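Accompanying notes for the structure given below.
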Amino acid sequence: MQNKIRVRFAPSPTGYLHVGGARTALYNYLYARKNHGTFVLRIEDTDQERSTEESLKMQIEDLKWLGLNWDEGPHPENLQDNGEYGPYRQSQRLSIYNEYIEKLLESGKAFYCFMSDEEHEELKNTAIQAGKPGQVNSPYRDKSLAEAKKRIASGEKAVVRFRVPDQEVIYSINDLVRGKVEFPSTMVGDFVLVRSDGMPVYNFCCVIDDALMKITHVFRAEEHLSNTLRQLMIYEAFNFEIPKFAHASLILGADKQKLSKRHGATSVGQYRELGYLPQALNNFLALLGWSSPSGEEILSIEQLTSEFSIERLNSSPAVFDETKLKWVNASHLRALNHADLWQLIEPILKIANINVPESEAWRSQALELFKSYMETLNDSVELFKPLDIQYYEISEEAKETLSWETTKVVIEQWKKLIVQKDSEFLTEEQFLNLQDQVKNDCGVKGKQLFMPIRVAVIGKPHGAELKTLVPLLKTTDLIARANIVLENM
RNA sequence: GUCCCCUUCGUCUAGAGGCCUAGGACAUGUCCCUUUCACGGACAAGACACGGGUUCGACUCCCGUAGGGGACGCCA
């Protein structure tokens, strides 16, 4: 049997979870599930300055919300390590890294470097001015290890750098998305492995961890493509088996620049707050760089899982189009059953302080009516608001309707006929009859008839069908609303 | 500047040398449904960046050019 497929998502807890990160996590998740592999969550928190516990928690919450459950990594509830290859937080793997650094130092593949930032800068500039690539090799690359250790023992600060090959060597990978990609070793200079404070950097930790955690496939974004060279050098230095790489295209803003905060909402949390469904966000993100063989665009996570394949990953960058996201979201929203949909909407209405009847039948009827108007969960606020009498108001667009000659009689008659009813709610049939009666009594039909009634019901001349809408409102409410309109005429 | 990646309708994409008069989806427009609006349905408009090869034949392969993006950190 082949080695079991193991993939990982390795976010850095330096902020919220980005939609780009979410897509990377999704691809990893889908590939693992599709192939019955293991999905590992690893926390890359070697940048102690910027990493925060709060970001970690936020990102974990976002991943949970998206349903991208991991098999190994920090436990989703208590964040304790869960799995055989821990610790899963790089900040807790220092002793492991030190062991490997020591090997590199001993074998001369890495060295202590005492160069100052200024010296480094100067070497870089002279190289560029000479028309050479701006990569520099350290003047300390051939100094003796014993001597360096002596200097450090006496209190001097040093970084550890990797000693890149003296001659140009071509490193190459067979990227699962891009095919063969070659990197000349001269693309990089002697790069830092360990900071002067003793904490190793991303490129090093990433390789050690992927190797030790037996990662077989690395799905990540294209911005990491050029990091791959440094990583290949480290893999080679330890004779580690190299995983398969799949560099997905970047997600861009409308201006074709890499998606960033100035493009608006870019975090998973923001979309959640905007009223998007996790299944919709997953669906939309999957389609940014991947397509279903069936050509279908609205797909559940189960469909995504069964249809996912690397071959259908696209190598060119994709613009994040919020309009399409809305459509995907609306489609998923409409596919929800009323009980589930209500559960999602209820807290939103509560926060907006909108009160509606408790009855399940009432709710189901209201959702049936409003579902086709909703693109996001938050749209429910504007939809349900008019049903709560305390928010009833006459809109600007109702002005024209109210200016018609016949409007007043229509509304007066409408009110009069409701007053005669003694039931709490009107049935659809009762409403239809009542509307007919208004038509006959006033001799008014068409727009002149139902627009005034609609204004008397929801304050606007446009909106959902009256015969479904009216039975959702108490007759006492209907009368109160009619009174408000009449007072305002 | 150097290196790497990318280039099909406005946007997401299909396309593995003849199935391409380039297909679908979002958005747009028109019409139908509807006593309004939304949903739904129909139709329309809309793209192979450019130039050279290779080939009987190129959206597909190769080379250039242009444009875009990424990397060149003691960030990831």
Side-chain angles (χ1 to χ4, degrees), chain A residues 10-14 21 44-47 49-51 90 113 115 117 120 124 127-136 157-161 175 177-178 181-184 186-189 191-203 205-206 220-230 247 249-250 252 254-258 284 287-298 311-312 314-328 330-331 334 369-375 383 401 435 439 445-451 453-454 460-466:
Chain A
S12 176
T14 53
E44 311 223 319
D45 54 354
T46 57
D47 185 347
E49 301 265 310
R50 298 196 303 147
S51 298
Q90 291 185 330
C113 174
M115 188 165 41
D117 286 347
H120 185 262
K124 183 179 169 177
I128 288 175
Q129 271 159 31
K132 306 222 170 182
Q135 330 303 348
V136 309
K157 291 278 181 214
V159 297
V160 176
R161 287 183 186 271
D175 191 275
V177 176
R178 282 150 217 285
V181 181
E182 296 188 325
F183 309 95
T186 48
M187 237 171 106
V188 295
F191 55 93
V192 171
L193 255 23
V194 183
R195 300 173 172 90
S196 54
D197 66 2
M199 183 59 80
V201 300
Y202 160 76
N203 278 307
C205 301
C206 181
R220 47 156 64 145
E222 193 198 321
E223 56 196 324
H224 286 292
L225 190 56
S226 45
N227 279 323
T228 309
L229 170 61
R230 291 179 181 77
H247 287 95
S249 56
L250 249 28
L252 272 27
D255 58 357
K256 305 259 185 187
Q257 303 285 312
K258 190 173 160 183
F284 174 72
L287 258 21
L288 246 37
W290 175 85
S291 61
S292 159
S294 69
E296 295 287 318
E297 306 235 47
I298 300 302
E311 294 75 57
R312 298 194 68 85
N314 195 327
S315 57
S316 46
V319 172
F320 189 95
D321 178 10
E322 204 168 327
T323 307
K324 186 156 184 178
L325 204 210
K326 271 199 174 136
W327 171 76
V328 172
S331 304
R334 283 170 204 140
L369 179 62
F370 290 146
K371 225 164 38 168
S372 67
Y373 291 84
M374 264 190 257
E375 287 188 306
L383 256 10
T401 307
Q435 186 179 237
K439 182 164 84 177
K445 58 179 181 176
K447 280 199 333 187
Q448 268 70 21
L449 174 69
F450 63 83
M451 281 195 174
I453 294 179
R454 195 189 306 280
K460 291 180 289 189
H462 300 290
E465 206 172 29
L466 278 172

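Order of the sequence lines sets the chain letters (A, B, ...), proteins ahead of strands, with each chain counted from 1. Treat the numbers as computed from the prediction; the structure is a model and nothing was measured. FYI, side chains are in, hydrogens and waters are out, and symmetry mates aren't considered; it's all heavy atoms of this structure.
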Between A/Gln435 (CD) and B/U35 (C1'), how many Å, whole number?
-> 8 Å
Kindly compute the distance separating SG (A/Cys206) from CD (A/Gln90), expressed to the nearest 0.5 Å.
-> 7.0 Å
Taking B/G70, B/A25, B/U11 as options, the one with an atom nearest any side-chain atom of A/Lys256 is B/U11
If pairing requires Watson-Crick or G-U wobble contacts with both distances under 3.5 Å, which nucleotide is the partner of B/C39?
-> none
What about A/Ser372, does its side chain sit under 3.5 Å from the base of B/A38 through a donor-acceptor pair?
-> yes
Of A/Ser292 and A/Met451, the one whose closest RNA chain B nucleotide lies more 5' = A/Ser292
Euclidean distance for P, B/C31 against B/C37 (whole angstrom) | 12 Å
If pairing requires Watson-Crick or G-U wobble contacts with both distances under 3.5 Å, which nucleotide is the partner of B/U2?
-> B/A71
Which part of the nucleic acid, if any, lies within reach of A/Lys371 when heavy atoms closer than 4.0 Å are counted: base, sugar-phosphate only, or nothing?
-> nothing
Atom C1', compared across B/C75 and B/G70: separation rounded to whole Å | 15 Å
Quick one: pull up CD in A/Glu182 and CG in A/Leu229 and give me the separation to the nearest 0.5 Å.
-> 12.0 Å
Once you round it to whole Å, what is the distance between C1' of B/C39 and CG of A/Leu369?
-> 11 Å
Please work out which of the three classes, parallel, tilted or perpendicular, describes the rings of A/Phe320 and A/Phe284, given edges at 30° and 60°.
-> perpendicular
Could you let me know what B/U65 is paired to, Watson-Crick or G-U wobble, both distances under 3.5 Å, or none if it's on its own?
-> B/A49
Does the B/A76 base have a donor-acceptor partner in the side chain of A/Asn227 within less than 3.5 Å?
-> yes
If the P atom of B/U7 is compared with that of B/A16, how far apart are they to the nearest Å?
-> 16 Å
Of all the choices, B/G73, B/C3, B/A76, which nucleotide is nearest to the side chain of A/Met187 once you look at every atom?
-> B/C3
Determine the contact category for A/Val159: base if any of its heavy atoms lies under 4.0 Å from a base atom, sugar-phosphate if only primed atoms, P, OP1 or OP2 are that close, otherwise nothing.
-> base
Of A/Leu466 and A/Arg312, the one whose nearest nucleotide on RNA chain B sits closer to the 5' end is A/Arg312
For A/Asn314 and B/A14, is the shortest distance between a side-chain N/O and OP1 or OP2 below 4.0 Å?
-> yes
Just call it for A/Val181: base, sugar-phosphate, or nothing, with non-hydrogen atoms closer than 4.0 Å on any strand.
-> sugar-phosphate
Of the nucleotides B/C6, B/A27, B/A14, which one has an atom closest to the side chain of A/Thr323?
-> B/A27
Polar side-chain atom of A/Ser12 near backbone of A/Glu44 as donor-acceptor pair, under 3.5 Å = yes
Any strand: nucleotide that pairs with B/U11 via Watson-Crick or wobble, under 3.5 Å = B/A25
Partner of B/C20 under the Watson-Crick or G-U wobble criteria, both distances under 3.5 Å, comes out as none
Counting N and O atoms only, with roles assigned by atom type, does the side chain of A/Arg454 sit under 3.5 Å from a partner on the main chain of A/Lys460, one being a donor and the other an acceptor?
-> no
Just how far, in rounded Å, is C1' of B/G73 from CE of A/Met199?
-> 17 Å
Between B/G29 and B/G46, how far apart are the C1' atoms? Round to whole Å, please.
-> 12 Å
Would you kindly give the CZ-to-P distance between A/Arg230 and B/C4, to the nearest whole Å?
-> 14 Å
Using a heavy-atom cut-off of under 4.0 Å over every strand shown, decide if A/Gly189 touches base, sugar-phosphate, or nothing.
-> nothing
Winner on side-chain proximity to A/Arg334, out of B/U11, B/C39, B/C4, is B/C39
Roughly how far apart, to the nearest Å, are B/A58 and B/G51 at atom C1'?
-> 15 Å
Looking only at atom C1', what distance separates B/U60 and B/U55, rounded to whole Å?
-> 13 Å
Which is true for A/Ala464 with a 4.0 Å heavy-atom rule: it touches a base, it touches only sugar-phosphate, or it touches nothing?
-> base
Closest nucleotide among B/G68, B/U13, B/A76 to the A/Ala318 side chain | B/U13
In whole Å, what separates the C1' atom of B/C62 from that of B/U54?
-> 7 Å
Nearest-angstrom distance, C1' atom, B/G15 to B/G23 | 9 Å
Do any side-chain nitrogens or oxygens of A/Lys460 fall under 4.0 Å of OP1 or OP2 in B/U36?
-> no
Does a distance-only test, which skips hydrogens and angles, find a donor-acceptor pair under 3.5 Å between the side chain of A/Tyr373 and the base of B/C37?
-> yes
If only side-chain N and O atoms of A/Thr14 are considered, is one of them under 4.0 Å from the OP1 or OP2 phosphate oxygen of B/A76?
-> no
Sub-3.5 Å donor-acceptor pair from the side chain of A/Asp175 to the main-chain atoms of A/His247, do we have one?
-> yes
Hey, does A/Glu222 reach any base, or is it just sugar-phosphate, or nothing, if we go heavy atoms under 4.0 Å?
-> base
Looking for any heavy atom pair under 4.0 Å, which part of the strands does A/Gly446 touch: base, sugar-phosphate only, or nothing?
-> base
Tell me whether the OP1 or OP2 atom of B/C72 has a side-chain N or O from A/Ser226 closer than 4.0 Å.
-> no
Pairwise distance SG(A/Cys205) to CE(A/Met199) - rounded to 0.5 angstrom | 7.5 Å
Looking for any heavy atom pair under 4.0 Å, which part of the strands does A/Glu296 touch: base, sugar-phosphate only, or nothing?
-> nothing
Do any side-chain nitrogens or oxygens of A/Arg195 fall under 4.0 Å of OP1 or OP2 in B/A76?
-> yes
Quick one: which of B/C74, B/U11, B/A25 gets closest to the side chain of A/Val192?
-> B/C74
Compare the minimum distances between each of B/C12, B/U36, B/A76 and the side chain of A/His462, then state the nucleotide with the smallest one.
-> B/U36
For A/Ser196, report the nucleic acid contact type (base, sugar-phosphate, nothing); a contact means any heavy atom under 4.0 Å.
-> base
Give one of base, sugar-phosphate or nothing for A/His224, where a contact means two heavy atoms less than 4.0 Å apart.
-> base
Closest listed nucleotide, where the reference is the side chain of A/Asp47 and the choices are B/A76, B/A14, B/C26 | B/A76
Could you tell me the separation between the CH2 atom of A/Trp290 and the C1' atom of B/A25, rounded to a whole number of Å?
-> 14 Å
Closest to the A/Asp321 side chain, choosing from B/A76, B/C6, B/U11 = B/U11
Taking A/Arg195 for its side chain and A/Pro200 for its backbone only, find out whether a donor-acceptor pair lies under 3.5 Å.
-> yes
How many angstroms lie between OG1 in A/Thr401 and CD1 in A/Ile453, if you round to the nearest 0.5 Å?
-> 12.0 Å
Answer with yes or no whether the side chains of A/Ser315 and A/Arg178 bring together a donor and an acceptor at under 3.5 Å.
-> no
Is there a side-chain polar atom (N or O) of A/Lys124 under 4.0 Å from OP1 or OP2 of B/G73?
-> yes
Given that both distances must come in under 3.5 Å, which nucleotide forms a Watson-Crick or G-U wobble pair with B/U54?
-> none
Rounded off to whole Å, could you give me the CD-to-P distance for the A/Glu223 and B/A76 pair?
-> 13 Å
Please give, in whole Å, the distance from B/A25 P to A/Glu322 CD?
-> 23 Å
Rounded distance (Å) that lies between atom C1' of B/U35 and atom NZ of A/Lys439 = 9 Å
